[in-house]
Amino acid sequence: MKIISPDNYFAKLFFHNFEKGIKDKIQFISSSLIISELLKSENSIALIPITDLIQNKDLYVSRSFGLSFEGAISNSYIYYGQENKNITEINLAGDISSCEVILSKILFRELYSSEIEIILKTGSDFEADKNYIIAGDMNFREDLFVSGFSFAEEVVELINLPYVNYVFVSKDPALLKNFNSLAAESVKLFQEDAEAAIKEIIPANLQEFFLSNITSLIFNYNEQDLEGIEQVLRLPYFHVIISDIIVLNLI
């Protein structure tokens with residue numbers, strides 16, 4: 001079994017307690033490349049940004065595990081470079097996926113009545129006078145996230161449910177069912193001793209923040225998380241970005 005995953009701290013925490021033989025088969029790549037890698041691979045599981053399902057409706061989706069956020073800890077943060085509330089541009093940087101591209105427009109329309117222009121930025125330069133959404137571990141370099149606002153919290157405010165950011169998917173339902181079984185014990189071990197995983201994976205200057213907010217990072221879904229998946233995927237329909245409501249193939 002090949003596993004394709006985003007290269008971020010949260011995914012690495014998820015896989016921390018998997019057996020070495022499985023961890024050796026994990027391919028950590030940019031979020032925007034995961035879906036294409038999955039589609040050309042056989043016998044594979046992938047942890048994809050949830051909005052990638054819009055163009056890949058036939059994939060089977062785990063009903064049990066993924067990356068869900070409910071609070072201050074988040075894979076993406078919003079940074080405001082000016083006090084003007086009439087925001088017209090947002091720069092996207094870091095490990096950008098379809099989530100930030102699609103949901104940022106909806107968020108600013110719903111929460112602030114603003115129609116924004118998306119500007120994709122490359123490199124690691126951060127211009128403090130501009131508005132940004134930054135995704136991935138770039139947020140945690142030099143404690144940048146401290147001056148940002150949790151993207152997850154904004155989505156939670158919009159849908160009144162947890163923000164499921166990434167979901168496990170496969171082209172093979174039997175393979176996904178097997179993965180769910182493998183993940184169950186590993187996630188249980190993480191919940192019993194999250195501190196051990198954090199101390200091994202997270203840089204020392206960030207460990208206190210991760211430890212104090214770890215309860216808002218969810219690996220194993222409950223009914224609210226499943227409803228959160230559905231609500232996030234309905235947002236593009238309600239905003240006429242897509243023409244049909246997505247029906248999930250949950251395993």
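- Relative ring orientation between Phe179 and Phe168 is described as tilted, the plane-to-plane angle lying within the 30° to 60° band.
- Taking the side-chain contact (heavy atoms from CB on, under 4.5 Å) definition, one finds that Glu117 meets it with Glu89, Ile119, sequence neighbours left out.
- Counting non-hydrogen atoms of neighbouring residues, nucleotides and ligands closer than 6.0 angstrom, the NZ atom of Lys177 reaches no more than 12 such neighbours.
- The structure places OG of Ser147 at 12.5 Å from CD1 of Ile78, a figure rounded to the nearest 0.5 Å.
- With sequence neighbours left out, Asn213 forms a side-chain contact (heavy atoms from CB on, under 4.5 Å) with Ala72, Ile73, Phe209, Ser216.
- Contact of the Pro236 side chain with the Ile54 side chain is registered, since non-hydrogen atoms from C-beta on lie closer than 4.5 Å.
- In this structure Glu42 satisfies the salt bridge (Lys or Arg N to Asp or Glu O under 4.0 Å) test together with Lys171, sequence neighbours excluded.
- Residues that satisfy the side chain to side chain donor-acceptor pair (under 3.5 Å) test with Gln231, not counting sequence neighbours, are absent from this structure.
- Proximity of Leu176 to Val169: side-chain heavy atoms (C-beta onward) are nowhere separated by under 4.5 Å.
- For the pair Ile118/Ser104, a side-chain contact is recorded, criterion being any heavy-atom separation below 4.5 Å from C-beta on.
- Nearest heavy-atom pair across Tyr163 and Val156 is N-CG2, 3.8 Å.
- Contacts classified as salt bridge (charged side-chain N to carboxylate O under 4.0 Å, His left out) and involving residues 224-236 (residues at least two apart or in different chains) are given here: Glu230-Arg234.
- Applying the salt bridge (charged side-chain N to carboxylate O under 4.0 Å, His left out) test to every pair with at least one member in residues 145-157, sequence neighbours left out, gives no pairs at all.
- Within the 4.5 Å cutoff, the side chain of Leu235 has heavy atoms near those of the Ile159 side chain.
- In this structure the side chain of Asp95 never reaches within 4.5 angstrom of the side chain of Asp137, judged on heavy atoms.
- Considering only heavy atoms from C-beta on, Leu226 comes within 4.5 Å of Glu223 through its side chain.
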- Test Tyr9 against Leu206 for side chain to side chain contact (heavy atoms under 4.5 Å, CB included), laying out the working first. CA-CA 11 Å; Tyr9 289 140; Leu206 300 169; 4.1 Å; yes
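- No path of Ile, Leu, Val, Met, Phe, Trp and Tyr side chains, each step under 4.5 Å between heavy atoms, connects Phe108 with Val240, placing them in separate hydrophobic clusters.
- Each ring-ring contact (aromatic ring centres under 6.0 Å, His included) pair with one or both residues in residues 228-251, not counting sequence neighbours, would appear here, but there are none.
- With rounding to the nearest 0.5 angstrom, the CD1 atom of Ile90 is 5.0 Å from the CD1 atom of Ile116.
- Taking CG of Asn165 as the start and CD1 of Ile229 as the end, the distance is 11.0 Å to the nearest 0.5 Å.
- Applying the 6.0 Å contact sphere to CD of Gln207 captures more than 12 heavy atoms from other residues, nucleotides or ligands.
- Residues Ile26 and Phe15 have side chains in contact (heavy-atom distance under 4.5 Å, counting atoms from C-beta outward).
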Side-chain donor-acceptor pairs of residues 193-203 under 3.5 Å, sequence neighbours excluded:
unit_1 : atom_1 : unit_2 : atom_2 : d
Asp193 : OD1    : Ala196 : N      : 3.4
Glu195 : OE2    : Lys199 : NZ     : 2.9
Glu200 : OE1    : His16  : NE2    : 3.0

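- Asn131 and Gly81 get closest at one heavy-atom pair: OD1-N, 3.0 Å.
- In this structure, Ile29 and Asp7 have side chains that are not in contact, with every pair of non-hydrogen atoms separated by 4.5 Å or more.
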- Task: Determine, stepwise, if the pair Phe151 / Tyr77 fulfils ring pair (Phe, Tyr, Trp, His ring centres under 6.0 Å).
- Result: CA-CA 5 Å; Phe151 189 84; Tyr77 288 84; 9.5 Å; no
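- Applying the salt bridge (charged side-chain N to carboxylate O under 4.0 Å, His left out) test to residues at least two apart or on different chains, the pairs with a partner in residues 96-116 are Arg109-Glu115.
- Taking the ring centroids of Phe10 and Phe210, they lie under the 6.0 Å cut-off.
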- Query: Going through the checks in order, is the side chain to side chain contact (heavy atoms under 4.5 Å, CB included) test met by Tyr221 and Val164?
  - Reply: CA-CA 9 Å; Tyr221 297 156; Val164 178; 3.2 Å; yes
- Message: Run the side chain to side chain contact (heavy atoms under 4.5 Å, CB included) test on Tyr166 and Ser31 for me, step by step, so that the C-alpha distance in whole Å, both residues' side-chain angles and the decisive distance to 0.1 Å come before the verdict.
- Response: CA-CA 10 Å; Tyr166 289 86; Ser31 292; 2.7 Å; yes
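- Atom CD of Glu192 is surrounded by more than 12 heavy atoms from other residues, nucleotides or ligands within 6.0 Å.
- How far CG of Leu233 is from CG of Asp244: 13.0 Å, rounded to the nearest 0.5 Å.
- Residues forming a salt bridge (Lys or Arg N to Asp or Glu O under 4.0 Å) with Asp24 (at least two apart in sequence, or on another chain): Lys20.
- Note: the hydrophobic cluster containing Leu189 does not contain Leu217 (ILVMFWY, side chain heavy atoms under 4.5 Å, direct or indirect links).
- Taking every heavy atom of both residues into account, Met1 and Ile45 meet most closely at SD-CG1, 3.8 Å.
- Distance check, rounded to the nearest 0.5 Å: CG of Leu67 to CZ of Phe219 gives 6.0 Å.
- Applying the side-chain contact (heavy atoms from CB on, under 4.5 Å) criterion to Ser44, with sequence neighbours excluded, gives Lys2, Ile4, Leu38, Ser41.
- With values rounded to the nearest 0.5 angstrom, Ile251 atom CD1 is found 9.5 Å from Ser170 atom OG.
- Cluster annotation: Leu120 is connected to Ile35 through the hydrophobic network of ILVMFWY side chains, with a link wherever side-chain heavy atoms come within less than 4.5 Å.
- The side-chain tip of Lys12 points at the ring of Phe28 from less than 6.0 angstrom away and within 45° of straight on.
- Grouping the Ile, Leu, Val, Met, Phe, Trp and Tyr side chains by contacts below 4.5 angstrom, directly or via other members, places Leu211 with Phe14.
- Between Leu248 and Val61 the shortest heavy-atom distance is CD2-CG2, 4.4 Å.
- Between Ser186 and Asn17, the shortest heavy-atom contact is OG-O, 3.3 Å.
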- side chain to side chain contact (heavy atoms under 4.5 Å, CB included) between Asn91 and Ile133, worked out: CA-CA 6 Å; Asn91 295 274; Ile133 293 175; over 6 Å; no
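- With sequence neighbours left out, Asn220 forms a side-chain contact (heavy atoms from CB on, under 4.5 Å) with Phe65, Val187, Gln191, Ile218.
- Within a 6.0 Å sphere centred on CG of Asp58, heavy atoms belonging to other residues, nucleotides or ligands number 12 at most.
- Nearest heavy atom pair, residue Ile96 against residue Ala135, reads CD1-CB, 3.9 Å.
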- Task: With ring pair (Phe, Tyr, Trp, His ring centres under 6.0 Å) as the test, would you mind laying out the steps for Tyr79 and Phe145 before giving the verdict?
- Result: CA-CA 8 Å; Tyr79 302 88; Phe145 74 98; 9.1 Å; no
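- Linking Ile, Leu, Val, Met, Phe, Trp and Tyr residues whenever their side-chain heavy atoms come within less than 4.5 Å places Tyr132 and Val146 in a single cluster.
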